[in-house]
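Nothing fancy with the numbering, it's 1 onward along the sequence.
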Amino acid sequence: MSASRDLILSRVRSALRDAPVVPEIPRDYRPAGRPVDLDVFVDRLVDYKATVHRIRSQDVAPTVEGLVSGAVLVPPGLPQAWRPAGAVVDDGLAPDRIAAAAAVLTAAAVAVAETGTIVLDASPDQGRRIITLLPDVHVIVLRPEQVVAAVPDAVARLDARRPLTWISGPSATSDIELNRVEGVHGPRNLHVLLLDG
């Protein structure tokens, strides 16, 4: 196998002998640290067909209760004050119990204003990935300081060793005739509760 490898590499070197040297590509074209525009973030979410609610922290539970009729699933680390009455805590629930929930309520790790993307990293306030896939409605609570301007800012805040899920709107795909189909790969409805202050 070593002889074959050497033969292939020698042929590649021979083919590249007269090729020009590739210049170094600058990587400073999109620096992190730009100011955040929450209105841009909201516009992107709405464009992706998510529903945005700008509320106070103490209004999370009542807002969820007004949005959802039925069981709301929550991860074990979600703050108690955000949980609606009768919330079902995911303590390793079976998939059929998760799918039976009307909605799931989670926090998020970070969000990107420029792309309208929300990132989950399976922290205790976000829970297992399965709980954000099976219910028809996903409600995400975001604090303004979690929203960053661009993807480089988000990457700088994230731990690449964690299971990252990047969400840009409700689950949607297109069929062969390019008709939009929602809910195939996750929730058909995404509500973002953007906390004021």
Side-chain angles (χ1 to χ4, degrees), residues 36-91 93 98 101-151 153-159 162-172 183 186-197:
V36 177
D37 186 338
L38 287 177
D39 291 331
V40 168
F41 178 59
V42 171
D43 286 345
R44 297 294 190 273
L45 287 170
V46 170
D47 192 45
Y48 288 138
K49 301 198 182 324
T51 305
V52 180
H53 309 266
R54 295 183 94 158
I55 63 171
R56 298 172 306 161
S57 183
Q58 61 265 34
D59 295 330
V60 170
T63 300
V64 174
E65 290 167 359
L67 291 172
V68 180
S69 59
V72 176
L73 190 61
V74 298
L78 195 76
Q80 289 289 337
W82 292 356
R83 297 178 186 193
V88 178
V89 178
D90 174 40
D91 55 1
L93 295 172
I98 296 168
V104 60
L105 171 65
T106 70
V110 69
V112 182
E114 185 175 68
T115 62
T117 304
I118 300 168
V119 185
L120 308 179
D121 69 1
S123 290
D125 61 356
Q126 297 155 50
R128 302 182 296 156
R129 176 69 176 126
I130 191 171
I131 68 170
T132 66
L133 289 174
L134 298 181
D136 192 47
V137 178
H138 187 178
V139 182
I140 300 175
V141 182
L142 275 172
R143 296 178 178 94
E145 63 270 16
Q146 291 180 286
V147 183
V148 297
V151 172
D153 300 294
V155 171
R157 287 192 184 189
L158 295 168
D159 180 352
R162 295 193 62 80
L164 302 176
T165 303
W166 297 63
I167 300 169
S168 294
S171 170
R188 285 185 300 144
N189 301 287
L190 177 65
H191 291 270
V192 178
L193 308 185
L194 185 56
L195 304 183
D196 285 334

Student: Is any side-chain heavy atom of T132 less than 4.5 Å from a side-chain heavy atom of I167?
Tutor: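 A side-chain contact under 4.5 Å is absent here.
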Student: Can you tell me which residue pairs pass the side chain to side chain donor-acceptor pair (under 3.5 Å) test with a partner in residues 69-83, sequence neighbours excluded?
Tutor: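 Residue pairs passing side chain to side chain donor-acceptor pair (under 3.5 Å), neighbours aside: S57-W82.
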Student: Between atom CD1 of I131 and atom CG of L73, what is the distance when rounded to the nearest 0.5 Å?
Tutor: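 Output value for this atom pair is 5.0 Å.
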Student: Minimum heavy-atom separation for R128 and L93, please, with both atom names.
Tutor: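 For R128 versus L93, the nearest heavy atoms are NH2-O, 3.0 Å.
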Student: Would you say D90 and P75 make side-chain contact, with heavy atoms under 4.5 Å?
Tutor: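 A side-chain contact under 4.5 Å is absent here.
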Student: I need the I130 CD1 to I98 CD1 distance, nearest 0.5 Å.
Tutor: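 If we round to the nearest 0.5 Å, I130:CD1 and I98:CD1 are 4.5 Å apart.
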Student: Going by the rule side-chain hydrogen bond (donor to acceptor under 3.5 Å, both in side chains), which residues pair with T63 if we only count those two or more places apart in sequence or in a different chain?
Tutor: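 T63: no side-chain hydrogen bond (donor to acceptor under 3.5 Å, both in side chains) contacts found.
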Student: Under the rule for side-chain hydrogen bond (donor to acceptor under 3.5 Å, both in side chains), what residues qualify as partners of T51, not counting sequence neighbours?
Tutor: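 So T51 forms no side-chain hydrogen bond (donor to acceptor under 3.5 Å, both in side chains) with any residue.
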Student: Might you work through the side-chain contact (heavy atoms from CB on, under 4.5 Å) test for V60 and L195, ending with a clear yes or no?
Tutor: CA-CA 9 Å; V60 170; L195 304 183; 3.7 Å; yes
Student: Could you list the residues that satisfy salt bridge (Lys or Arg N to Asp or Glu O under 4.0 Å) with D91, not counting sequence neighbours?
Tutor: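 For D91, no residue satisfies salt bridge (Lys or Arg N to Asp or Glu O under 4.0 Å) once neighbours in sequence are set aside.
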Student: Could you note down all residue pairs passing salt bridge (Lys or Arg N to Asp or Glu O under 4.0 Å) where residues 56-72 supplies at least one of them, sequence neighbours left out?
Tutor: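 Applying salt bridge (Lys or Arg N to Asp or Glu O under 4.0 Å) to every pair that reaches into residues 56-72, excluding sequence neighbours, yields R56-D59.
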Student: Provide the closest heavy-atom pair for A81 versus A61 in the form atom of the first, atom of the second, distance.
Tutor: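 Minimum heavy-atom contact is O-CB, 3.9 Å.
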Student: List the steps, then state whether side-chain contact (heavy atoms from CB on, under 4.5 Å) holds for L105 with V68.
Tutor: CA-CA 10 Å; L105 171 65; V68 180; over 6 Å; no
Student: Start with the C-alpha distance between V64 and V141, add both sets of side-chain angles, then the distance that settles side-chain contact (heavy atoms from CB on, under 4.5 Å), and finish with yes or no.
Tutor: CA-CA 10 Å; V64 174; V141 182; over 6 Å; no
Student: Enumerate the ring pair (Phe, Tyr, Trp, His ring centres under 6.0 Å) contacts for residues 47-76, please, sequence neighbours excluded, ordered by first and then second residue.
Tutor: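 Matches after skipping sequence neighbours: H53-H191.
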Student: Please name all residues satisfying side-chain hydrogen bond (donor to acceptor under 3.5 Å, both in side chains) with R143, sequence neighbours left out, ordered by chain then number.
Tutor: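 For R143, no residue satisfies side-chain hydrogen bond (donor to acceptor under 3.5 Å, both in side chains) once neighbours in sequence are set aside.
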Student: Taking salt bridge (Lys or Arg N to Asp or Glu O under 4.0 Å) as the test, write out the residues that go with R157, two or more places apart.
Tutor: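 Counting only residues at least two positions away or on another chain, R157 forms no salt bridge (Lys or Arg N to Asp or Glu O under 4.0 Å).
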Student: Could you measure the distance from the CG atom of L193 to the CD1 atom of I55? Nearest 0.5 Å is fine.
Tutor: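 Taking CG in L193 and CD1 in I55, the distance rounds to 4.5 Å.
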Student: Rounded to the nearest 0.5 Å, how far apart are CG of L194 and CG of L142?
Tutor: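 L194 atom CG to L142 atom CG measures 6.5 Å (nearest 0.5 Å).
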Student: Could you work out, with side chain to side chain contact (heavy atoms under 4.5 Å, CB included) as the rule, every residue matching S123, not counting sequence neighbours?
Tutor: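 S123 satisfies side chain to side chain contact (heavy atoms under 4.5 Å, CB included) with D121, D125, Q126, R162 only.
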Student: Would you mind reporting whether L67 and V137 have side-chain heavy atoms less than 4.5 Å apart?
Tutor: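 A side-chain contact under 4.5 Å is absent here.
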Student: Just distance, no hydrogens or angles: give the donor-acceptor pairs under 3.5 Å from side chains in residues 39-47, sequence neighbours left out.
Tutor:
unit_1, atom_1, unit_2, atom_2, d
D39, OD1, R54, NH1, 3.3
R44, NE, E114, O, 2.9

Student: Between CD1 of I140 and CG of L190, what distance do you get to the nearest 0.5 Å?
Tutor: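 Taking CD1 in I140 and CG in L190, the distance rounds to 5.0 Å.
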Student: Where is the tightest heavy-atom contact between T115 and S168, given as atom of each residue plus distance?
Tutor: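 Result for this residue pair: O-OG, 4.3 Å.
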Student: For L120 and H138: C-alpha separation, side-chain torsions, deciding distance, then whether side-chain contact (heavy atoms from CB on, under 4.5 Å) applies.
Tutor: CA-CA 12 Å; L120 308 179; H138 187 178; 3.9 Å; yes
